[in-house]
Amino acid sequence: MDPSEKRSLSERDICTKFITPALEQSGWDVLTQVREEVTFTDGRVIVKGKSTSRGPRKRADYVLYFKPGLPLAVVEAKDNRHSCSAGMQQALSYAHEDCLDVPFAISSNGDGFVIHDRTGTFPKKEFEVPLNSFPSPDDLWGRYLSWKKLDGQAKSIVQQNFYEDGSGKAPRYYQLKAINRSVEAIAGGKQRVLLVMATGTGKTYTAFQIIWRLWKSGARKRILFLADRNILVDQTKTNDFKPFGGAMTKIRNRKADKSFEIFLSLYQAITGPEEADKVYKEFSPDFFDLIVIDECHRGSAKDDSAWREILDYFQSATQVGLTATPKETEYVSNSHYFGDPIYTYSLRQGIDDGFLAPYKVLRVDLDKDLQGWRPTKGQTDKHGNLIEDRIYNQRDFDRSLVIEPRTELVAKRVTQFLAATNPYDKTIIFCEDIDHAERMRQAIVNCNPDLVSEDSRYVVRITGDNAEGKAQLDFFIDPEQRYPVIATTSKLMTTGVDAKTCRLIVLDQRIQSMTEFKQIIGRGTRIDEDYGKLFFTIMDFKRATELFADPDFDGDPIPDENYDPEVEKNGVSGGDDDEPGPGPGGDDPPPGEVKRYYVRDTEVSVVAERVQYYGPDGKLITESLRDYTKKKVMSRFASLDEFLQTWNASAKKAAVVAEFEEQGVLFEALADEVGKDLDPFDLLCHVVYGQPPKTRRERADEVKKRDYFAKYGEQARQVLEALLEKYANQGILSIESMEVLKVDPLDEIGTPVEIIKLFGGKQQYLAALGELELLLYATAT
């Protein structure tokens with residue numbers, strides 16, 4: 001092909017005519033080994049007040065695989081007007097270990113390939129080869145195996161196929177990394193493996209694929225999957241592990257049937273305080289050659305834990321720990337037992353990639369929580385008990401002291417929030433204990449008599465002591481079931497509850513453990529596009545969200561300084577039930593001691609409320625929206641003139657708006673706070689540069705007075721007048737898309753093609769629209 005003709009081709013034409021044929025010629029199967037235009041993230045969810053949008057997705061031009069699930073290279077293509085290496089920086093960013101983690105980054109413009117080698121097996125780190133000399137799949141795979149030091153049986157293990165059910169479901173890019181790193185490590189002889197993956201990122205599915213490949217390759221023949229909650233085991237058996245079929249069993253009723261190959265069990269089902277309870281000893285110590293421990297932060301790593309007995313008994317088995325919250329204390333260390341995590345995928349990474357939902361925080365401060373409460377001299381509670389004279393504070397509330405109006409106020413504020421958003425949004429209210437959860441349930445009932453009359457399951461208490469409530473858990477997490485809507489709980493729902501459509505997490509529980517905090521927040525981080533769940537709200541009454549400011553929130557394994565080994569031993573972390581604590585359902589107190597006081601006659605009020613948003617840096621925006629917006633905009637445009645110049649020069653104002661939205665500027669929330677019907681342009685002029693605000697209607701009326709439409713024909717004037725009215729009602733973004741020509745009232749004037757013809761063509765229509773926009777913003781100062 002003539003060089004000038006080649007330079008006129010688009011990037012896509014270069015791929016089709018030169019790059020793909022060169023790969024085929026080198027032995028790459030385009031059906032199974034070559035994937036083009038691979039989108040591997042969903043794009044970060046950007047919350048704009050009550051609505052959302054998606055940020056850009058990451059997309060590679062090519063990903064090359066030795067076989068499905070085993071990626072080797074990223075290829076970035078450029079048109080022929082660029083050099084052969086022009087795409088290398090982008091290819092390297094995608095090939096990096098923090099992204100796709102492949103050994104070869106490649107760039108091409110259709111003349112040849114520039115290859116960057118991470119394995120060190122080529123003579124040069126980066127070099128160029130002609131189109132007809134691209135390495136074959138076997139060549140790159142051999143170099144990969146040499147780099148990873150995998151040969152013999154290890155090679156056959158890592159080449160074992162992933163499970164595929166024909167539906168097209170495949171592991172996400174980070175799941176592939178977790179699976180492949182684990183299988184390679186085990187194939188290479190590693191006996192203890194720790195995976196840290198944020199709640200909602202598919203730990204169990206990842207575990208299934210690891211087990212499947214090791215089992216199918218014959219490397220591991222009998223496998224035990226351990227969890228500490230029945231719901232975790234049952235969900236695993238029914239969903240992700242279903243392909244194991246008849247080879248799988250759940251250990252129940254303290255009976256061990258050794259004829260299966262895949263065993264699922266609660267820790268509690270195979271161990272206990274008495275020797276007769278230790279069902280695991282019915283198996284020989286070398287019976288299992290692979291054990292997978294789900295939620296291994298909850299106690300399985302503790303040296304004197306009863307659960308740890310199991311791991312020590314089967315010490316010859318390969319053991320894989322799964323957790324969202326690695327625990328590091330002077331008493332417990334996951335990494336001491338398992339070693340450093342072989343792979344970590346954090347909450348922040350999940351949100352940045354768009355696989356997890358961001359959140360906003362509504363912090364509600366109550367007067368008694370901030371100021372404390374002290375009884376009057378000789379004051380008794382509603383049961384006639386003399387209240388000990390001291391100052392009670394947030395640490396005491398709903399533990400040693402119950403202020404019933406406080407519970408009612410929390411229920412009222414939750415009800416008000418749901419009424420303003422959607423009364424049927426799935427909600428979890430985390431309470432101090434079972435007694436508190438029951439009182440909260442009653443308070444919600446009394447705040448919502450009409451909704452409870454429709455169905456008594458509008459609010460239910462789901463705690464470990466209540467069979468009726470626990471029976472509703474499956475309905476709560478089923479997005480197709482309207483009821484229950486609100487669940488009050490204490491500990492039972494902190495882990496293992498896959499409530500994808502949960503939109504509101506209410507914290508009326510004092511949380512001092514970072515591990516527990518992460519688990520609770522994880523109840524809302526799942527995304528469900530089908531049901532419109534893209535973000536969630538945290539309503540915090542106990543200042544628990546201050547933990548977001550802790551550097552360890554989304555960081556390395558966390559030093560849990562408030563950890564108490566006796567609580568871990570005797571409390572809730574080892575079982576299926578909530579900890580009753582003092583009060584109804586708890587143990588009897590010593591003679592003469594009151595469990596807790598119940599106070600009725602006192603007033604409680606809201607002192608302050610503040611909304612905080614998840615920022616682009618992964619931290620909560622804690623300053624005011626006005627201050628945050630001013631800081632962000634002025635870092636880009638130091639003066640109003642700079643901003644006006646860029647705004648007016650932009651053919652698409654939506655591009656300027658999108659740039660600031662990606663920086664965390666919340667135009668809808670800012671408009672609500674300012675209290676006027678302002679366009680993004682006027683919001684920024686007013687909030688950032690101190691200009692008097694003009695509403696959209698005021699700007700539209702000023703344009704009408706200028707007789708701008710007189711030079712156009714009658715029908716063209718109708719179009720521009722309709723666009724101006726659209727702007728006044730909906731804003732500038734509503735008129736920049738061609739889609740506006742398809743909706744009322746413009747669709748009554750004609751089709752989009754007919755409307756464009758009224759102006760003499762598309763370019764003339766866009767010029768008229770641009771002139772209209774210039775007039776709208778002509779009086780900016």
Side-chain angles (χ1 to χ4, degrees), residues 231 362 364 366 397-398 402-494 496-509 520-521 523-524 526 528 531 533 536-542 544 577-581 583-585 598 604 606:
I231 188 170
L362 178 57
V364 184
L366 306 181
F397 295 154
D398 296 301
V402 172
I403 300 178
E404 293 182 342
R406 185 191 177 285
T407 306
E408 293 163 4
L409 181 58
V410 170
K412 180 181 178 181
R413 187 63 192 89
V414 171
T415 298
Q416 290 171 340
F417 180 86
L418 290 173
T421 50
N422 182 351
Y424 296 98
D425 279 349
K426 297 281 187 177
T427 299
I428 305 175
I429 306 178
F430 287 94
C431 304
E432 292 289 355
D433 56 24
I434 291 173
D435 174 58
H436 186 199
E438 174 57 23
R439 288 185 289 102
M440 186 62 70
R441 184 198 67 79
Q442 293 175 358
I444 293 288
V445 166
N446 291 329
C447 285
N448 298 273
D450 52 340
L451 294 170
V452 173
S453 294
E454 289 178 11
D455 194 305
S456 62
R457 295 174 301 153
Y458 180 76
V459 55
V460 297
R461 170 167 62 91
I462 301 179
T463 51
D465 71 321
N466 186 269
E468 292 79 12
K470 286 201 290 186
Q472 293 297 319
L473 185 53
D474 286 342
F475 297 104
F476 180 80
I477 65 179
D478 185 348
E480 295 185 0
Q481 300 293 326
R482 169 169 280 192
Y483 300 104
V485 175
I486 302 174
T488 67
T489 190
S490 173
K491 302 293 185 184
L492 184 64
M493 297 177 72
T494 57
V497 178
D498 189 9
K500 294 178 69 175
T501 55
C502 179
R503 285 179 165 87
L504 178 62
I505 301 288
V506 180
L507 304 178
D508 199 25
Q509 179 185 111
I520 287 175
I521 298 307
R523 298 314 101 207
R526 289 168 172 82
D528 194 323
Y531 291 88
K533 157 67 184 306
F536 68 106
T537 301
I538 304 164
M539 184 179 288
D540 179 17
F541 291 92
K542 289 287 183 76
D577 295 339
D578 291 41
E579 181 182 15
Y598 291 81
V604 182
V606 174

* Got a salt bridge between Lys491 and Asp433, using NZ or NE/NH1/NH2 to carboxylate O under 4.0 Å? -> no
* Just how far is it from atom OG1 of Thr489 to atom CZ of Arg441, taken to the nearest 0.5 Å? -> 13.5 Å
* Structure fact -> dist Ile520:CD1 -> Phe430:CZ (nearest 0.5 Å) comes out at 5.0 Å
* Please tell me if the side chains of Thr427 and Arg503 come closer than 4.5 Å, counting only heavy atoms from C-beta onward. => no
* **CZ (Phe475) with more than 12 external heavy atoms under 6.0 Å** => no
* Asked: Got a sec, which residues hit side-chain hydrogen bond (donor to acceptor under 3.5 Å, both in side chains) with Lys542, two or more places apart in sequence or on another chain?
  -> Glu432
* Where the side chain of Asp540 meets the backbone of Ala544, is there a donor-acceptor pair that is under 3.5 Å apart? -> yes
* Asked: With a 4.5 Å heavy-atom cut-off, do Leu366 and Val606 have their side chains touching?
  -> yes
* Give a yes or no on whether the backbone of Pro423 and the side-chain of Tyr458 come within a donor-acceptor separation of less than 3.5 Å. => yes
* Side-chain donor or acceptor of Lys426 paired with backbone N/O of Phe476 under 3.5 Å -> yes
* Taking salt bridge (Lys or Arg N to Asp or Glu O under 4.0 Å) as the test, write out the residues that go with Glu408, two or more places apart. => Arg600
* Between Lys533 and Cys502, is there a donor-acceptor pair closer than 3.5 Å when you use the side chain of the first and the backbone of the second? -> yes
* For the pair Met440 and Cys431, evaluate side-chain contact (heavy atoms from CB on, under 4.5 Å) and give the outcome as yes or no after the intermediate values. => CA-CA 8 Å; Met440 186 62 70; Cys431 304; 3.9 Å; yes
* Set of side-chain hydrogen bond (donor to acceptor under 3.5 Å, both in side chains) partners for Gln472, sequence neighbours left out -> none
* Structure fact -> By side-chain hydrogen bond (donor to acceptor under 3.5 Å, both in side chains), Thr407 pairs with (sequence neighbours left out) Arg439
* Say whether, by atom type as modelled, one donor and one acceptor occur between the side chain of Ser456 and the main chain of Val452 under 3.5 angstrom. => no
* To do: Could you walk me through whether Arg406 and Phe541 pass side-chain contact (heavy atoms from CB on, under 4.5 Å), step by step?
  => CA-CA 10 Å; Arg406 185 191 177 285; Phe541 291 92; 4.1 Å; yes
* Structure fact -> Sorted by chain and residue number, the side-chain hydrogen bond (donor to acceptor under 3.5 Å, both in side chains) partners of Thr537 (sequence neighbours excluded) come out as none
* Structure fact -> For Asp455, the salt bridge (Lys or Arg N to Asp or Glu O under 4.0 Å) test, sequence neighbours excluded, returns Arg457
* Asked: Listed by chain and number, what are the ring-ring contact (aromatic ring centres under 6.0 Å, His included) partners of Phe397, not counting sequence neighbours?
  -> none
* Under 3.5 Å donor-acceptor, Thr488 side chain and Ala437 backbone -> yes
* Check side-chain contact (heavy atoms from CB on, under 4.5 Å) between Lys500 and all other residues, then give those that pass, not counting sequence neighbours. => Asp498, Arg526, Asp528
* **Set of side-chain contact (heavy atoms from CB on, under 4.5 Å) partners for Glu480, sequence neighbours left out** => Asp478, Tyr531
* Asked: What distance separates Ile429 CD1 from Ser490 OG, expressed to the nearest 0.5 Å?
  -> 13.0 Å
* Asked: To the nearest 0.5 Å, what is the distance between CD1 (Ile538) and CG (Leu504)?
  -> 9.5 Å
* Structure fact -> When rounded to the nearest 0.5 Å, the distance separating CD of Gln416 from CE of Met539 is 8.5 Å
* With Thr421, which residues qualify under side-chain contact (heavy atoms from CB on, under 4.5 Å), at least two apart? -> Phe417, Leu418, Asp425
* Structure fact -> side-chain contact (heavy atoms from CB on, under 4.5 Å) filter on Asn466, not counting sequence neighbours, yields Arg461, Thr463, Glu468
* **From OH (Tyr424) to OH (Tyr483), nearest 0.5 Å** => 4.5 Å
* To do: Evaluate side-chain contact (heavy atoms from CB on, under 4.5 Å) for Val604 paired with Ile403, printing each intermediate quantity in order.
  => CA-CA 9 Å; Val604 182; Ile403 300 178; 3.8 Å; yes
